[in-house]
Amino acid sequence: MHHRLRRRLAGLVPLLVVAALLGGCIAPDTRWTVPTAGRPLPKASVQPSATSSGVPIAPADWKPCPEAYKAVFPSPPQNVTFSCATVKVPQDWEHPKDSGTFDVALVRGRSTTQRDRVGSLFINPGGPGASGFDYGVYRSVYLPAEVLRRFDVIGFDPRGVGRSSPVKCFSNADLDANFGIDPDPVSDEQFQQSVTLARKLAQSCGTKYGDALRYYSTEQTARDMDALRAAVGESQLTYLGYSYGTLLGAVYAQLFPKNVRALVLDGAVDPTLSTQDSAEKQAAGFELAFNNFATWCRANATSCPIGPDARAVVTKAIADSRTAPVAGKGGRKATAGWVFTAVVSSLYSESSWRELAQAMQDLRSGNADGLFKLADSYAERDPSGNYTNMFDANAAVGCADSDDTPTVEQARALQSQWRQKYPLFGGSLALNLICAQWPGKRDPYPAGAATGSAPIVVIGTLGDPATPYEQAPALAKMLGVGTLVTWKGEGHTAYPKTGCIIDAVNRYLIDLRVPGANLTCDK
């Protein structure tokens, strides 16, 4: 479980038919100005209250839950205690009295060495669809000790995810079909098979949830976050969001700027991008990350058995798997889709490059075990073939958020264009076929300045495949109060991977010291 959580802070690639990464007017709050770098910000003076939406929220009723570690760690971690709570939120924040409620599950990790407590640090790992509850447990152990001594770590499953009134409308068999199908179908017959599978998945969600599908949008979840802030007794929000979690944080800051204490948005999503532009940038990002992997292979022959031309090896593996897939345990076939998924999975972290190289070498020898290990880690598929609801929620959120998804016909045209520009990833990332056929109403999120908010730290990684770097300066600029921090590194997200980033983020979270303008951290 550690390995999965480290690998993918869940900026999910739309594997053929699963939704792509998606990435009110409030009066200015003149109490906040951007200070000179290194100078502390003033302390917040807002008193705890109900949500800013005016809906009363009961305080979180925390209960000890020492077993919370079991989904993440093989044995109880030391020096941390866990408490759990469930907070009820309106299904529809626009009409809270007329809708039902969703249960949102929270976990609080508290260091046994805590002192000089600052408050609660909320965390979201991205997706959308990844479990923030599990990730909160993980980060209650794996954050810098300095931060853990000063904050309670609060993880939560957003509405529709995991333990929080989960969306579940995809069968295990259909998800196997989704991940296994050709990622870049060329013939009209193959393409139509993908369209048909996408329609089946979309209709299964429409049949089960109907008009309620629009309630899973990012804006609804951002309003939930303000309810959670109030429920745990914090006057303002301190938040660490990764990947899609940066979009969630940015929407929160626009809706509730006065309630922002400190937001760290790592692996930034640019909310102003169209669905099509976001997918194309992701295709370019993965091509760049794969090129970096291939370059590493050429320079590290002893660690990379598929060098010196890793691209040729992977391209051939996908092509061969279309006609003669290697059989794994139980007769499971390593089809082109599964090979592609394994490649995607490995590019989220430089630490997985060696594993990808070995898995490709083993595949050439007729052994698909390493490939399936990588792919199943990404897909959250267990050895028995059962999936979490991550991709169900990913589709529900992504499709509710997007009102500009290319049609099936437009996707087909983009596919051939992007295949030429991004040979490994373009054809697949052009095919957001499930949202193109989604039956639910849409609820797009706002994309604008967080006028009146405290300064917000936005982090971009130059080698990030899932949320390409250029989205970070764009998000910082859009917010109007964003401070950009750049890491010259590889993989998805940066904190807490390197000392320079750790120091800058720690000082900001604890002391509200904003990093210097355009801080750049080397490896």
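Everything numeric here is computed off the predicted structure, so don't read it as measured data. Values below: all heavy atoms of this structure, side chains included; hydrogens, waters and symmetry mates excluded.
If you look at Tyr142 and Tyr138, their ring centroids are closer than 6.0 Å. Ring pair Tyr135/Tyr242: centre-to-centre distance below 6.0 Å. Ring centers of Tyr348 and Phe286: under 6.0 Å apart, within the cut-off.
The side-chain tip of Arg159 does not point at the ring of Phe102 from less than 6.0 angstrom away and within 45° of straight on.
Distance alone, capped at 3.5 Å, is enough to place a donor-acceptor pair between the Asp392 side chain and the Phe170 backbone. The backbone N or O of Gly463 lies less than 3.5 Å from no partner atom in the side chain of Thr461, so there is not a single donor-acceptor pair. Under the 3.5 Å distance criterion, the side-chain polar atoms of Gln276 are left unmatched by any main-chain donor or acceptor of Pro406. A donor-acceptor pair is defined here as one N or O able to donate and one able to accept, closer than 3.5 Å; such a pair exists between the side chain of Thr246 and the backbone of Ser243. The main-chain N or O of Asp157 is found under 3.5 Å from a side-chain atom of Ser164 such that the two form a donor-acceptor pair. In this structure, Asp266 contributes its side chain and Thr493 its backbone to no donor-acceptor pair below 3.5 Å. Side chain of Ser165 to main chain of Asp103: a donor-acceptor pair is present (N/O by atom type, distance under 3.5 Å, no hydrogens or angles). Formation of a donor-acceptor pair under 3.5 Å by the Ser274 side chain with backbone atoms of Asp277 is found in this model. Of the possible polar contacts, none joining the Asp270 side chain to the Leu475 backbone as a donor-acceptor pair under 3.5 Å is found. Under a 3.5 Å cut-off, the side chain of Asn124 and the backbone N or O of Gly126 do form a donor-acceptor pair.
For Ser120, the side chain to side chain donor-acceptor pair (under 3.5 Å) criterion is met by Arg117, Glu234, not counting sequence neighbours.
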task: Show the numbers, then the answer: is there a side-chain contact (heavy atoms from CB on, under 4.5 Å) between Val118 and Phe151?
output: CA-CA 6 Å; Val118 174; Phe151 289 93; 3.6 Å; yes

task: Given side-chain hydrogen bond (donor to acceptor under 3.5 Å, both in side chains), test Tyr252 with Asp224 step by step and report yes or no.
output: CA-CA 9 Å; Tyr252 181 92; Asp224 291 347; over 6 Å; no

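Within the structure, disulfide bond (SG atoms under 2.5 Å apart) pairs that include any residue of residues 443-491 do not occur (at least two apart or interchain).
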